[in-house]
Protein chains: 2
Amino acid sequence: MPTPCLACPLRARRVFAKLDQSEIRAIQRFKSGELRIGPGTPLLLEGSNSPQLYTALSGLGLRYKTLENGRRQVINFVFPGDFLGLQAGMMNEMQHSVEATTDMTLCVFNRSEFFRFFGANPARAFDITWLAAVEEHFLGEALASLGQRSGLSRLAWAITRIYLRQHALGQVDAKGGFPLPYRQQDLADALGLSLVHTNKTLAKLRERQLVSWQEGRMQVHDLTTLADLAGADLEAELVRPLL
Amino acid sequence: MPTPCLACPLRARRVFAKLDQSEIRAIQRFKSGELRIGPGTPLLLEGSNSPQLYTALSGLGLRYKTLENGRRQVINFVFPGDFLGLQAGMMNEMQHSVEATTDMTLCVFNRSEFFRFFGANPARAFDITWLAAVEEHFLGEALASLGQRSGLSRLAWAITRIYLRQHALGQVDAKGGFPLPYRQQDLADALGLSLVHTNKTLAKLRERQLVSWQEGRMQVHDLTTLADLAGADLEAELVRPLL
DNA sequence: CGCGCAATTGATTACTATCAAGAGGAGTGG
DNA sequence: CCACTCCTCTTGATAGTAATCAATTGCGCG
């Protein structure tokens, strides 16, 4: 009952780079199974050396890091198509944790075969590096947000970012609504704001009629103004490879 | 007069992963020349599509991003051994700029040969991905710092980080002194603090006799306390590959 | 119904930014 | 050699933004 890669619903989306059948079959051979986990389940742990790598197929999660002072930094949100565990694959140890926020389905790859796969499929090796570069790009953007933007802008930036990501996955409805099953605390930890301040800033966005957020669903009423507040241009999602 | 890779002074350091002679020769063939640039020279520009990739051989620089609001985020500092331009190599466009702070020498690689090199040398392809993962790790740490640490901790964290990096490169003298040719503004932009606040916070570290910084040279008088303030453990620099 | 968890709201504190101004060094031109 | 400018570092005063502390509401659950 695992999804055959050739029939992968994600791969059909335009955000993901096209591959031909033989390439997809090579990935299929690399894939060792599928994993389903529920909300709150830890998938990868900071400091651990996971024997598996994953590609998120459905559901949402988050990556975070816990500091010595007990505080938590959410590194980013995990969407379908994200490749998880590369750090452990390359550096033998995860530097952050990943956990599921909703039910998730993941493709599972064995790390023991990772090296062989990487060596035998140069184009896929290239894709993996590409993925790492894309990740690096996002982290750079996030860093710039935390470092240089006000609370309001950061929030607007994060919502815009997630909107675009969900849009690329076809999850945004005609009215600008999409699933956002995270807690305010998660957003706060991602943006370096306190929970209370996040809540109050969110209220401002609501008052300005830019967004509303209830029962795990975000409605963006005015994307242009929101993106403007964020101080980010509204570019389409980058095409990215999918393993 | 370019440095032959086999005699590369960097490669001798323990932080860099060991390669055998034939592997080094393959890199030598990939290397197309050497570049020397002076302080302030831009090397890679945000939005550009550089035909070259670089490895920093000597000198220091910085990577930064300019935001729509005119502010600048320093993504990180560039040290010898850093591989520059990977984003352009993978995504066809740099997402941040890189410029020299001091005189720098760089190994130059042609992007046109990058793909061939990547495909023909799986172990090196692996190293490049590894490098990207290391970079991702640092950005994650930086994100956590900006998001969750106070100004004082951030500063202590940054100095500790740079100390360790310089130490791995053999640049730290017996008294804990090492070159730090950046301006306070650079540090401020890296840490998301204002120049004035950075200056005052630096003064606190000085008062506490933890560090002193003059004429481009930083002296760390008490690394343990500094690292403690940073709320980071004092682990050795990760081994990383060198191209 | 009591509890635990997420979201709110109000009051207060404190960390950081912004505004201003001056000192000291490097480089330039008269 | 000196006046003048530019740049970086410093320091003082003041304004805000965001954190912390406290308390309340609403909901799902055993």
Side-chain angles (χ1 to χ4, degrees), chain A residues 38-40 60 62 67 69-74 99 101-102 145-159 179-207 211-219 229 231, chain B residues 38-40 62 67 69-74 99 101-102 144-159 179-207 211-219 229 231:
Chain A
L60 300 174
L62 42 82
L67 305 215
N69 59 20
R71 303 179 58 150
R72 178 183 75 151
Q73 173 69 38
V74 169
E99 73 173 45
T101 298
T102 65
S145 282
L146 296 221
Q148 312 299 336
R149 296 198 234 255
S150 69
L152 193 65
S153 293
R154 274 184 243 180
L155 211 35
W157 170 79
I159 296 171
L180 194 71
Y182 302 102
R183 293 166 306 155
Q184 295 188 356
Q185 182 72 66
D186 296 326
L187 255 194
D189 288 348
L191 299 176
L193 300 172
S194 72
L195 170 61
V196 173
H197 191 57
T198 301
N199 181 283
K200 289 174 180 169
T201 308
L202 226 24
K204 277 186 198 153
L205 291 180
R206 205 182 309 132
E207 282 159 24
V211 307
S212 50
W213 184 14
Q214 325 145 49
E215 292 151 38
R217 229 181 140 71
M218 173 73 76
Q219 276 272 337
L229 243 185
Chain B
L62 41 81
L67 305 214
N69 60 20
R71 304 180 58 154
R72 178 183 75 150
Q73 173 69 42
V74 169
E99 73 173 47
T101 299
T102 65
S145 282
L146 297 221
Q148 313 299 335
R149 295 198 236 254
S150 70
L152 193 66
S153 294
R154 275 184 243 179
L155 212 35
W157 170 80
I159 296 171
L180 193 71
Y182 302 102
R183 292 166 306 154
Q184 295 188 355
Q185 183 71 65
D186 296 327
L187 255 194
D189 287 348
L191 299 176
L193 299 173
S194 72
L195 169 62
V196 174
H197 191 57
T198 301
N199 180 283
K200 290 174 180 171
T201 308
L202 227 23
K204 278 187 199 154
L205 291 180
R206 206 183 309 131
E207 282 160 24
V211 308
S212 50
W213 184 14
Q214 325 146 49
E215 292 152 36
R217 229 182 141 70
M218 173 73 76
Q219 275 273 336
L229 242 186

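Every chain is numbered from 1 and lettered A, B, ... according to where its sequence line falls, protein lines coming before strand lines.
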Visitor: Side chains of residues 190-198 of chain B: which donor-acceptor pairs under 3.5 Å do they make with residues two or more places apart or in other chains?
Guide:
residue, atom, partner, partner atom, Å
B/Ser194, OG, B/His197, N, 3.1
B/Thr198, OG1, B/Ser194, O, 2.8

Visitor: Does A/Thr101 have any side-chain hydrogen bond (donor to acceptor under 3.5 Å, both in side chains) partners at least two apart in sequence or in another chain, and if so, which?
Guide: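 For A/Thr101 there are no side-chain hydrogen bond (donor to acceptor under 3.5 Å, both in side chains) partners, ignoring immediate neighbours.
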Visitor: A/Arg183: what forms a salt bridge (Lys or Arg N to Asp or Glu O under 4.0 Å) with it, not counting sequence neighbours?
Guide: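 Partners of A/Arg183 by the salt bridge (Lys or Arg N to Asp or Glu O under 4.0 Å) criterion, ordered by chain and then number, come out as A/Asp186.
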Visitor: Distance check needed: D/dT8 C1' versus B/Glu215 CD, whole Å only.
Guide: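 Rounded to the whole Å, the gap is 13 Å.
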Visitor: For B/Arg206, which residues count as a side-chain hydrogen bond (donor to acceptor under 3.5 Å, both in side chains) partner, sequence neighbours excluded?
Guide: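 Not a single residue meets the side-chain hydrogen bond (donor to acceptor under 3.5 Å, both in side chains) criterion with B/Arg206.
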Visitor: So, using salt bridge (Lys or Arg N to Asp or Glu O under 4.0 Å) as the criterion, who are the partners of A/Arg71 when residues are at least two apart?
Guide: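 Checked A/Arg71 against salt bridge (Lys or Arg N to Asp or Glu O under 4.0 Å); zero matches.
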Visitor: Report, one pair per line, the protein and nucleotides 8-16 of chain C atoms (nitrogen or oxygen only) whose separation is under 3.5 Å.
Guide:
residue, atom, partner, partner atom, Å
C/dT8, OP2, A/Gln184, NE2, 2.5
C/dT8, OP2, A/Asn199, ND2, 3.0
C/dG10, N7, A/Lys200, NZ, 3.2
C/dA11, N6, A/Lys200, NZ, 3.4
C/dT16, OP1, B/Gly151, N, 2.9
C/dT16, OP2, B/His197, NE2, 3.3

Visitor: Report yes or no: does A/Glu99 contribute a side-chain atom to a donor-acceptor pair with the main-chain N or O of A/Leu62 at less than 3.5 Å?
Guide: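 No; zero donor-acceptor contacts below 3.5 Å.
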Visitor: Reading nucleotides 25-30 of chain D 5' to 3', which nucleotides get B (base under 4.0 Å from a protein heavy atom), which S (sugar-phosphate only), which -?
Guide: ------
Visitor: Can you measure A/Asn69 atom CG to D/dT20 atom C1' for me and round it to whole angstrom units?
Guide: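 Answer to the nearest Å: 15 Å.
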Visitor: Rounded to the nearest angstrom, tell me the gap between atom CG in A/Leu180 and atom C1' in C/dA7.
Guide: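 After rounding, the reported distance stands at 15 Å.
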Visitor: Within the side chain of A/Thr201, is there an N or O that forms a donor-acceptor pair under 3.5 Å with the backbone of A/Gly151?
Guide: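 Between the backbone of A/Gly151 and the side chain of A/Thr201 there is no qualifying donor-acceptor contact (under 3.5 Å).
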Visitor: Going by side-chain hydrogen bond (donor to acceptor under 3.5 Å, both in side chains), name the residues that satisfy it together with A/Arg149, two or more places apart in sequence or in a different chain.
Guide: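 Only A/Ser145, B/Glu68 meet the side-chain hydrogen bond (donor to acceptor under 3.5 Å, both in side chains) criterion with A/Arg149.
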Visitor: According to salt bridge (charged side-chain N to carboxylate O under 4.0 Å, His left out), does anything in residues 193-204 of chain B pair up with another residue at least two apart or in another chain? List the pairs.
Guide: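 For residues 193-204 of chain B: none.
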Visitor: Nearest-Å distance, CG (A/Leu155) to P (D/dT17)?
Guide: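 Rounded to the whole Å, the gap is 16 Å.
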Visitor: Through what angle, rounded to 10 degrees, does the axis of the helix from C/dC1-D/dG30 to C/dG30-D/dC1 turn between its ends, using five pairs per end?
Guide: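 Nearest ten degrees gives 30° for this helix.
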Visitor: Checking B/Gln219 now: which residues fulfil side-chain hydrogen bond (donor to acceptor under 3.5 Å, both in side chains) with it, not counting sequence neighbours?
Guide: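 Counting only residues at least two positions away or on another chain, B/Gln219 forms no side-chain hydrogen bond (donor to acceptor under 3.5 Å, both in side chains).
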Visitor: Rounding to an integer number of Å, can you tell me how far A/Leu191 CG sits from D/dA19 P?
Guide: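 Checked: the CG to P distance equals 10 Å.
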